[in-house]
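Okay, structure first, notes after.
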Amino acid sequence: MKIAVVVGTRPEIIKMSPVVRALKDRDADFQLIHTGQHYDHYVSDIFFKELELQKPDVHLSIGSGSQAEQTGKALIRLEEAFKNYDVDLVLVQGDTNTVLAGALAGAKLGIKVGHVEAGLRSYDLRMPEEHNRRVTDHLADMLFAPTEESADILRGEKVMGAVHVTGNTVIDACIQNMELAEDKADLDFDTPGDFVLITAHRAENVDNRKVLKQLVEIFEGIPRKKVYPIHPRAEKMFKKTGLYEDLKSIKGMHVVKPQGYFEFLVLMKRAKYILTDSGGIQEEATAPNINRKVFVLRDSTERPEAIDSGHAEVVGTDPDNVLQAIDRFEENKWKGGRCPYGDGKAGQRIVDIILQD
Ligand code: UD1
Ligand code: UDP
C-alpha cells in the first residue's frame with residue numbers, strides 16, 4: 001500500500017511526526033508531501049530538522065493567499081502528486097486548508113482518506129478550520145478520533161468512514177521530544193523567572209483591530225513578565241494596524257520570533273501559565289510532562305476535554321473577563337490535572353490500523 005502523508009503548516013508537521021516515525025518503524029511505503037502553506041524557516045523547516053523528519057519527498061510551494069486561492073492551489077497540485085506516486089491512502093492531520101485540499105483531492109481520485117484528529121467541532125462557522133474539519137470528516141474512510149468525545153460527535157453526525165479512538169499524536173510528540181528539548185533547546189533570549197507564555201494567531205482574533213487592541217490591554221494588565229513568540233500572521237496584522245509598538249512597549253513584554261518545537265516545549269514547561277488561541281497548545285498543556293493552565297483567548301473551543309480536565313478555560317478577549325479569570329487562578333493554587341488525550345501511543349495505533357486494513 002502506498003501512502004501519501006500530507007502536511008502544510010507548523011502544527012501538522014509536529015502532529016504528523018509520530019505517525020511518520022511509526023510508518024518508518026514498520027517499513028511502510030510512504031511519501032511525505034509538503035504543500036508549502038507555511039514556508040518561513042521558523043514555521044516549517046526548523047521542525048523537520050528538530051523532529052528528524054526526512055525532507056519532504058514532494059514540495060508543492062503553494063504559499064499564502066486567500067482561502068479559496070490557497071485551497072485551490074493545494075487541491076490541483078496534490079491531485080498531480082497523488083497520481084504521480086500512485087497513492088492508495090492519503091493521510092491528513094487537523095483542520096487547515098491543506099487538510100481540506102488533501103482530503104478532497106484524494107476522495108475525487110477514489111483514493112482512501114485517513115483523517116488524523118477527526119471529530120473536533122467548535123460550532124463556530126466564522127472559522128475556516130471548522131469548514132475544513134467538517135468536510136474532511138465526511139469525506140474520510142478512516143477517522144482517527146483523539147477521544148471518545150470526538151468519536152461520539154462523528155457517530156452523531158453519521159460519518160460514513162470507520163471511527164477509531166486513538167489518542168492525540170500531539171501527546172506522543174511531547175513525550176518523544178521533551179528530554180531532547182531540555183538538552184537541545186536553543187533559546188536566544190533570557191527566559192525571565194515566573195513568566196507567562198503567550199501566542200495568538202487565529203484569523204478571527206488577529207485580523208480584527210478591535211481584538212488586537214483588547215489583546216494589548218490584556219497583556220498590559222498581567223503583572224508578570226511575558227514571552228510572546230509571534231506568529232507571522234499576527235506580526236503582520238499588529239504592524240498593519242499600527243499596534244506593534246504598543247505591543248512591544250508593554251512592561252515586561254518580550255516579543256520574540258516564532259520558536260522551534262524544542263524551544264517551545266521548554267517555554268511551556270517553564271511558564272507559570274499560558275494565554276493562547278492555538279488549538280495544539282490547549283492539548284499540549286495537558287501533557288503529563290507539561291501540565292499547565294491555559295487561558296483560551298477565544299469564544300469557543302473544539303477541545304472541551306481540556307476544560308473538563310481543568311487545564312483550559314475559555315475566556316474570550318474581553319480584557320476585564322480575561323484578567324478576572326487570571327486573578328482567580330493566581331489566588332487559587334491549581335495543582336494540575338490528568339491528560340485526556342491519550343497515552344502517547346496514538347501514532348503507533350494509527351499506523352497499526354492502517355496497515356491491518
Ligand atoms: C494556518 C491555519 C490554521 C493553523 C495555523 C498554524 C488555515 C485556514 N489556517 O493559519 O488553522 O492554526 O496555520 O499556525 O489553514 N505567513 C508568513 N510566513 C509563512 C506562512 C504564513 O509570513 O510561512 C503569513 C502570510 O502573511 C499569510 C499569513 O501568515 O498570509 C497567514 O498564513 P496562512 O497559512 O494563510 O494561515 P495561518 O494564519 O498561518
Ligand atoms: N509552536 C512552536 N513554536 C511556537 C509556537 C507554537 O513550536 O512559537 C508549536 C506548539 O508547540 C504546537 C503547535 O506549534 O505544537 C501549535 O501550532 P499553532 O498554534 O500555530 O496552530 P494550531 O494548533 O492552533 O492549529
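All residue numbers in this chain count up from 1 along the given sequence. Computed from a predicted model, the values in this text were never measured in an experiment. For ligands, and for the atoms within them, numbers begin at 1 and follow the listed sequence.
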Just to be sure I read this right, does ligand 2 sit under 4.0 Å from the backbone of [X], its side chain, both, or neither, counting only heavy atoms?
X      : result
Glu263 : neither
Tyr42  : neither
Tyr261 : both
Glu129 : neither
Lys15  : neither
Pro229 : side chain

Other residues, nucleotides and ligands only: do more than 12 of their heavy atoms fall within 6.0 Å of [atom1] on [X]?
X      : atom1 : value
Lys2   : NZ    : yes
Lys257 : NZ    : yes
Glu52  : CD    : no

Original post:
Taking NZ, NE, NH1 and NH2 as the nitrogens, is one of them in Glu283 or Lys15 under 4.0 Å from a carboxylate oxygen of the other?
Top reply: yes

Original post:
So does Asp352 pair up with Lys345, basic N to acidic O under 4.0 Å?
Top reply: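 The answer is no: the pair does not qualify as a salt bridge.
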
Expected list for residues 218-229: side-chain donor-acceptor pairs under 3.5 angstrom, two or more places apart:
from: Arg224; atom 1: NE; to: Glu330; atom 2: OE2; distance (Å): 2.8
from: Arg224; atom 1: NH2; to: Glu330; atom 2: OE1; distance (Å): 2.7
from: Arg224; atom 1: NH2; to: Glu330; atom 2: OE2; distance (Å): 3.4
from: Lys226; atom 1: NZ; to: Phe219; atom 2: O; distance (Å): 3.2
from: Lys226; atom 1: NZ; to: Ile222; atom 2: O; distance (Å): 2.6
from: Lys226; atom 1: NZ; to: Arg224; atom 2: O; distance (Å): 2.8
from: Lys226; atom 1: NZ; to: Lys251; atom 2: O; distance (Å): 3.3
from: Tyr228; atom 1: OH; to: Ala200; atom 2: O; distance (Å): 3.4

Subject >> Nearest candidate to atom 14 (O) of ligand 2, where distance is taken over non-hydrogen atoms, out of Arg10, Arg303, Glu117 >> reply: Arg10

Can you sort out which atoms of ligand 2 are near [X], meaning under 4.0 Å from one of its heavy atoms?
X      : result
Glu284 : 10 (C), 11 (O), 12 (C), 15 (O)
Pro258 : 8 (O)
Gly260 : 7 (O)
Arg202 : 22 (P), 24 (O), 25 (O)
Gly279 : 22 (P), 23 (O), 24 (O)

Original post:
What do you reckon, does Ala173 put a non-hydrogen atom under 4.0 Å from ligand 2?
Top reply: no

Original post:
Passes side chain to side chain contact (heavy atoms under 4.5 Å, CB included), Leu297 versus Thr276? Steps please.
Top reply: CA-CA 6 Å; Leu297 298 166; Thr276 191; 5.8 Å; no

**OP:** Heavy-atom cut-off of under 4.0 Å around ligand 1: list whichever protein residues fall inside it, by chain and number.
**Re:** Thr9, Pro11, Gln37, His38, Tyr39, Asp40, Val43, Ser64, Gln67, Gln70, Asp95, Thr96, Asn97, Pro128, Glu129, His201, Arg202, His231, Pro232, Arg233, Lys236

**OP:** List the closest protein heavy-atom neighbour of atom 23 (O) of ligand 2: residue, atom name, distance to the nearest 0.1 Å.
**Re:** Gly280 N, 2.7 Å

**OP:** Go through the structure and list residues passing salt bridge (charged side-chain N to carboxylate O under 4.0 Å, His left out) with Glu130, not counting sequence neighbours.
**Re:** Arg133, Arg134

Subject >> Met142 reachable from Leu154 in the ILVMFWY side-chain graph, under 4.5 Å edges >> reply: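 No, Leu154 and Met142 fall in different hydrophobic clusters.
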
Original post:
Who are the ring pair (Phe, Tyr, Trp, His ring centres under 6.0 Å) partners of His59, not counting sequence neighbours?
Top reply: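 Testing His59 for ring pair (Phe, Tyr, Trp, His ring centres under 6.0 Å), a comparison that skips the adjacent residues, returns His34.
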
Subject >> Arg202 side chain to Asp277 backbone, donor-acceptor under 3.5 Å >> reply: yes

